[in-house]
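Whatever order the structure lists them in is the order used to number ligands and atoms, beginning at 1.
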Amino acid sequence: MEKIKIEKNTVQETLIIPLYGRKMCSERFPELYTDIFAERLCERLDYDFSELEKKKKSFFYEFGALEAAMRQLDIIWEIKEYLKEYPKATIVNLGCGLDETGKACDNGLCQIVNIDFPDVISVREQLICKHERERNIACDLNDYSWMDRVDGSKGVIFFAAGVFYYFKKDEVKSLVLELSKRYSGGCLVFDSGGKLALKLMLSTVVKNMGIDDVSGYFYVNNPAKDLHWSKNIKVSSKGYMLGYYDMKSPGIHFLHRLLARMADRLMKMSVHKMLFK
Ligand SMILES: C[S@@+](CC[C@H](N)C(=O)[O-])C[C@H]1O[C@@H](n2cnc3c(N)ncnc32)[C@H](O)[C@@H]1O
């Protein structure tokens, strides 16, 4: 079968990190998390996984895989909660990469929309079959014309997993304000880290992308202060690693949980939910 190429050193390449993390986590901690799509997708990509394979057994790398899985579990939890109230809602995966969270939450009634840059959507279309209530939109998220194509009349939940780290602070704020203006009753879920986490991530995981100075980029040290953008937005935040699940699962070492606590407390890794009034 023909393999699909992913270019190195691009923002798009960053989709590999969580995808590979989800594959690894499914293999290593199946009781905690399984992503039935991730392994098959990795096999179909023309991408040099050797660097990642080499690090696979290291404790810290294993922790990175847990981060990818916990984030998805947290987001799935929030989407399922929202669908209880709005079963016909649209689930919108912002910066979707090759993630299939929308399908994992499908209740048979909702609509699913996946948005990413055109080259990512082109890879996605070659690899992933859409079902009848699912659509892909190729667009830069900062070009709000994509919103004209997303119907929120029966409820809408947007989520951005691992995406806003590559955005400037002002870009996130302006995107959020635009969403809140257009989608009353809608919800947005996304993850963030504090300044320290962002520095660490950009200097290690994505060091080849040419981002040296994190100062203009989006991080959240204090959600109540940093995300207080409008009285029409109700914000709640939880720990990214341990805010939703206690991670007490076979194969998870207490050191994993200790590191998880440090990630949430020191690195200020969080998942935020914004409800648009
Ligand atoms: C770290 S990956 C995460 C992918 C996916 N959410 C996941 O969890 O597997 C970041 C994704 O955001 C996309 N992205 C970043 N900036 C974007 C923008 N301005 N417009 C559209 N997509 C963007 C990238 O192309 C990439 O697919």
Open item on the list: Check the orientation of H256 and F59. Use parallel for under 30°, tilted for 30 to 60°, and perpendicular for over 60°.
Closed with: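 Judged by the thresholds at 30° and 60°, the geometry between H256 and F59 is parallel.
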Open item on the list: Please work out, at 4.0 Å between heavy atoms, whether the side chain, the backbone, both, or neither of A161 comes within that distance of ligand 1.
Closed with: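 It is both parts that get close, each with some atom under 4.0 Å.
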Task: Structural part of C96 in contact with ligand 1, heavy atom criterion under 4.0 angstrom - done: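 C96 to ligand 1: backbone contact only, side chain stays beyond 4.0 Å.
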Does [X] have its ring centroid less than 6.0 Å away from the ring centroid of [Y]?
X    : Y    : result
Y217 : Y165 : no
F60  : F63  : no
F164 : F190 : yes

Measuring from non-hydrogen atoms of [X] to any atom of ligand 1, is the shortest distance under 4.0 Å?
X    : answer
N142 : yes
V120 : yes
Y165 : no
R22  : yes
C139 : yes

Find all atoms of ligand 1 within a distance of less than 4.0 Å from any non-hydrogen atom belonging to [X], and give their numbers and elements.
X    : value
L15  : 2 (S), 27 (O)
R71  : 8 (O)
G162 : 1 (C), 10 (C)
F167 : 16 (N), 17 (C), 18 (C), 19 (N)

Open item on the list: Once ring-ring contact (aromatic ring centres under 6.0 Å, His included) is applied, what residue pairs with a partner in residues 85-136 remain, sequence neighbours excluded?
Closed with: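 Sorted result for residues 85-136: Y82-Y86.
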How far is [atom] from its nearest protein heavy atom, and which residue and atom is that?
atom                    : answer
atom 10 (C) of ligand 1 : T14 OG1, 3.4 Å
atom 15 (C) of ligand 1 : V11 CG1, 3.5 Å
atom 4 (C) of ligand 1  : G95 O, 3.4 Å
atom 19 (N) of ligand 1 : D140 OD1, 2.9 Å
atom 20 (N) of ligand 1 : L141 N, 2.9 Å

Task: NZ or CZ of K168 within 45° of F218 ring axis and under 6.0 Å - done: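 Ring-cation test returns no.
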- [ ] Using the six-membered ring of Y61, assess whether NZ or CZ of K54 lies under 6.0 Å from its centre and within 45 degrees of the ring axis.
- [x]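 Relative to the ring axis of Y61, which defines the angle, K54 lies outside at least one limit.
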Task: Pair R71 + E67, salt bridge at N-O below 4.0 Å - done: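 Here R71 does not pair with E67 in a salt bridge, since their nearest N and O are not under 4.0 Å apart.
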TODO: Measure from atom 23 (C) of ligand 1 to every heavy atom in F190, Y20, F117 and give the option owning the shortest one.
DONE: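 Of the listed residues, F117 has the closest heavy atom.
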- [ ] Kindly identify the option in D116, V163, I137 whose heavy atom sits closest to atom 25 (O) of ligand 1.
- [x]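 It is D116 whose heavy atom sits nearest to atom 25 (O) of ligand 1.
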Task: Short side-chain to backbone donor-acceptor contact, S50 and D48, under 3.5 Å - done: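 Not confirmed, S50 side chain does not pair with D48 backbone.
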Open item on the list: Does either side chain, that of E53 or that of Y20, offer a donor lying less than 3.5 Å from an acceptor on the other one?
Closed with: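 There is such a pair between these side chains.
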List the atom pairs, with distances to 0.1 Å, where a side-chain N or O of residues 88-99 and a protein N or O form a donor-acceptor pair under 3.5 Å, not counting sequence neighbours.
{"unit_1": "T90", "atom_1": "OG1", "unit_2": "D151", "atom_2": "O", "d": "2.9"}
{"unit_1": "N93", "atom_1": "ND2", "unit_2": "D99", "atom_2": "OD2", "d": "3.0"}
{"unit_1": "D99", "atom_1": "OD1", "unit_2": "Q72", "atom_2": "NE2", "d": "3.2"}
{"unit_1": "D99", "atom_1": "OD1", "unit_2": "T101", "atom_2": "N", "d": "3.2"}
{"unit_1": "D99", "atom_1": "OD1", "unit_2": "T101", "atom_2": "OG1", "d": "2.8"}
{"unit_1": "D99", "atom_1": "OD2", "unit_2": "Q72", "atom_2": "NE2", "d": "3.1"}
{"unit_1": "D99", "atom_1": "OD2", "unit_2": "T101", "atom_2": "OG1", "d": "3.0"}

